[in-house]
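What follows is a single structure, written as structure tokens, with notes after it.
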Amino acid sequence: MHPLRQHARILTASLVGTAVEFYDFYIYATAAALVFGPLFFPSSDPTTQVMLSFMSFGIAFFARPVGAIAFGHFGDRIGRKSTLVASLMLMGGSTLLIAFLPTYAMVGWVAPALLCLLRFGQGFGLGGEWGGAALLAVENAPKGWTARFGAAPQLGAPVGFLAANGLFLLLGLWRTDAEFNAWGWRLPFLFSAVLVMIGLWVRLRIGETPAFKAALDKAPPHAVPLWELRRHLGALLAGSAGVIACFAIFYLATAYALAQGTTTFGHSRETFLAVQLGANSFLALGIVLAAIHADRATPGRTLLLGAIATVVLGLAFGPGLSSGSLVIIFMTLAAALLVMGFVYGPLGSWLPTLFPVGVRYSGISVAFNAGGIVGGALTPLAAQWLSGHDMGAQAGLLLSAAGLVTLLGVLAARPKA
């Protein structure tokens, strides 16, 4: 039987859960770019509103390493499956509650405080999601298919982005701006409950990974896997550096680009969402091409190519986004997301090679989410600051810097498997 058919349920559980998580995460990013500023952070300056909104967005990236430590602990001690179910429930519950939040006009400072608390819950849950989904796929992969199986959770990103972006686009076409700002933005957060139920149904029907079972047969789990990671600090640093480029590209090409396109450059929300929706297909294409290449070469070599491409991309990203032409903007975003496929697609198979099985869930989760702080939280914030000081065309240089850091991380890594 073909490996993809033989392991269809495993791959589906890995992809669907991550798609739900990225849907939940990205609807917040979209709402932060479009409506959260005036609703939760009142200010006379629109630029300040957007920056405060993005700061709340960035909270989740600081929560993710905390979640990675907590879920990584249980993932390395009791198994991948149970931990994945718990992370999905926390992420989904936090997202659903955002739909019912009062605004600043209703309860004052309590509104942004609750928003930031639930944003922390989102990040905490996602901190344990990606690592477990990647291991679920990779530790079940037959020989020669590791990178392609490891790309399954990565494909959840474009799927989740497609669902979130498409739903916001439909809402924009279906409702007026006043209705969207008043209550329409809440619907995607409500809809997440349906997706979470689907994800739970799939994940509850799978078993534990063979690699984890084999490790338990050889030795009992570490009492505190995080403490054991002190022996792998080099791998943690290299792994964290290796993921920075993918986060930087994704959030500059999605949340930051959307905020710029609909405010600074004056494009309509629906038009710009449609442009991003089309560009999103290139992310899926990049992930698939990178996974095939990684199985033929090595995940590290593929990631190296992606890092070099990110450095080059950064030189064209700012001018392309600032061009004013929707055609050029589309080409810029499509190129960015295609390149992202090469720095994101191989991560599911590259990071696990840096850690032994006994601390692998903790190791890859902490590395992935620590890198997310720099790439996903600080980079869009820095780009927004540059834009607010009439230096938006230079924002792309942040991508070049991120690509260089990832390049150094890959070169410094010493795979153990």
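Distance CG/Leu398 to OH/Tyr256: 8.5 Å, rounded to 0.5 Å. For the atom pair OG1 of Thr83 and CD1 of Ile78, the computed distance is 4.5 Å after rounding to the nearest 0.5 Å. Rounding to the nearest 0.5 Å places CG of Leu162 at 11.5 Å from OH of Tyr23. Atom CG in Leu96 sits 12.5 Å away from atom CE in Met91 (nearest 0.5 Å). Between the CG atom in Leu187 and the CG atom in Leu171 there is a gap of 5.5 Å [rounded to 0.5 Å]. The line from CZ of Phe168 to CG of Leu273 is 8.5 Å long, rounded to the nearest 0.5 Å.
Of all heavy-atom pairs between Pro299 and Pro346, the closest is O-CB, 3.7 Å. Between His73 and Pro225, the closest heavy-atom pair is ND1-CD, 3.3 Å. Here the closest non-hydrogen pair linking Thr18 and Pro153 is CG2-O, 3.1 Å. For the pair Tyr344 and Ala157, the tightest heavy-atom approach, listed with the atom from each and the gap, is CE2-CB, 3.7 Å. Here the shortest heavy-atom pairing between Cys246 and Leu347 reads SG-CD1, 3.8 Å. Contact between Gly75 and Tyr361 at its shortest, heavy atoms only, is CA-CD1, 3.5 Å.
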Under the side-chain contact (heavy atoms from CB on, under 4.5 Å) rule, what do Thr95 and Val196 come out as? Steps first, then yes or no, please. CA-CA 10 Å; Thr95 304; Val196 169; over 6 Å; no
side-chain hydrogen bond (donor to acceptor under 3.5 Å, both in side chains) evaluation trace for Tyr28 with Ser56: CA-CA 10 Å; Tyr28 190 101; Ser56 76; 2.8 Å; yes
Checking side-chain contact (heavy atoms from CB on, under 4.5 Å) for the pair Phe161/Phe250: CA distance, chi angles, key distance, verdict? CA-CA 10 Å; Phe161 175 76; Phe250 186 69; 4.2 Å; yes
Would Val275 and His267 satisfy side-chain contact (heavy atoms from CB on, under 4.5 Å), going step by step from the backbone distance to the final call? CA-CA 11 Å; Val275 168; His267 298 292; over 6 Å; no
Step by step, work out the side-chain contact (heavy atoms from CB on, under 4.5 Å) result for Trp185 and Leu39. CA-CA 11 Å; Trp185 64 270; Leu39 290 179; 3.4 Å; yes
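Applying the side-chain contact (heavy atoms from CB on, under 4.5 Å) rule to Ala257 yields the partners Phe272, Gln276, Leu321, Leu333; only residues at least two apart in sequence or on another chain are considered. Applying the side-chain contact (heavy atoms from CB on, under 4.5 Å) test to Leu118 and every residue at least two apart in sequence or in another chain returns Leu97, Ile98, Leu101. Remark: Arg119 engages no residue in a salt bridge (charged side-chain N to carboxylate O under 4.0 Å, His left out) (not counting sequence neighbours). When the side-chain hydrogen bond (donor to acceptor under 3.5 Å, both in side chains) test is applied to Asp76, the partners found at least two apart in sequence or on another chain are Arg80, Ser362. For the side-chain contact (heavy atoms from CB on, under 4.5 Å) test, residues two or more places apart in sequence or in another chain that qualify with Ala284 are Leu155, Pro158. Evaluation of the side-chain contact (heavy atoms from CB on, under 4.5 Å) rule for Trp201 yields Arg205 as partners, not counting sequence neighbours.
When each of Leu303, Thr302, Val138 is paired with Trp350, the side chain to side chain contact (heavy atoms under 4.5 Å, CB included) condition holds for Leu303 and for no other.
Under the 4.5 Å side-chain criterion, counting only non-hydrogen atoms from C-beta, Ile364 is not in contact with Leu354. Between Phe282 and Val339 the shortest side-chain heavy-atom distance does not fall below 4.5 Å. Proximity of Phe41 to Pro112: side-chain heavy atoms (C-beta onward) are separated by under 4.5 Å at one or more points. The side-chain heavy atoms of Leu236 and Phe355, taken from C-beta on, include a pair separated by under 4.5 Å. Counting only heavy atoms from C-beta outward, the side chains of Asn369 and Pro65 approach each other to under 4.5 Å. Put simply, the side chain of Leu399 does not reach to within 4.5 Å of the side chain of Val311, judged on heavy atoms.
Residues in residues 299-343 take part in no ring-ring contact (aromatic ring centres under 6.0 Å, His included) pair, two or more places apart or across chains. Applying the side chain to side chain donor-acceptor pair (under 3.5 Å) test to every pair with at least one member in residues 229-250, sequence neighbours left out, gives these pairs: Glu228-Arg231. Note on residues 120-138: pairs passing salt bridge (charged side-chain N to carboxylate O under 4.0 Å, His left out), not counting sequence neighbours, are Glu129-Arg203. Screening residues 163-173 for salt bridge (charged side-chain N to carboxylate O under 4.0 Å, His left out), with sequence neighbours left out, gives no hits. Screening residues 112-137 for ring-ring contact (aromatic ring centres under 6.0 Å, His included), with sequence neighbours left out, gives Phe71-Phe124, Trp130-Phe368.
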Side-chain donor-acceptor pairs of residues 402-413 under 3.5 Å, sequence neighbours excluded:
{"unit_1": "Thr406", "atom_1": "OG1", "unit_2": "Ala241", "atom_2": "O", "d": "2.9"}
{"unit_1": "Thr406", "atom_1": "OG1", "unit_2": "Ala245", "atom_2": "N", "d": "3.0"}
{"unit_1": "Thr406", "atom_1": "OG1", "unit_2": "Ala402", "atom_2": "O", "d": "3.4"}

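Looking only at distances, no side-chain donor or acceptor of Gln122 sits under 3.5 Å from a matching main-chain atom of Ala60. Formation of a donor-acceptor pair under 3.5 Å by the Arg186 side chain with backbone atoms of Ala99 is found in this model. Remark: the backbone N or O of Asp295 is not paired with any side-chain donor or acceptor of Thr146 at under 3.5 angstrom.
In this structure, Phe36 and Phe189 have parallel ring planes: the angle between them is below the 30° cut-off, well short of the 60° mark.
Taking the centre and axis of the six-membered ring of Trp145, the NZ or CZ atom of Arg148 falls inside the cone set by 45° and 6.0 Å.
Around the CH2 atom of Trp227, the shell of radius 6.0 Å holds no more than 12 heavy atoms that belong to other residues, nucleotides or ligands.
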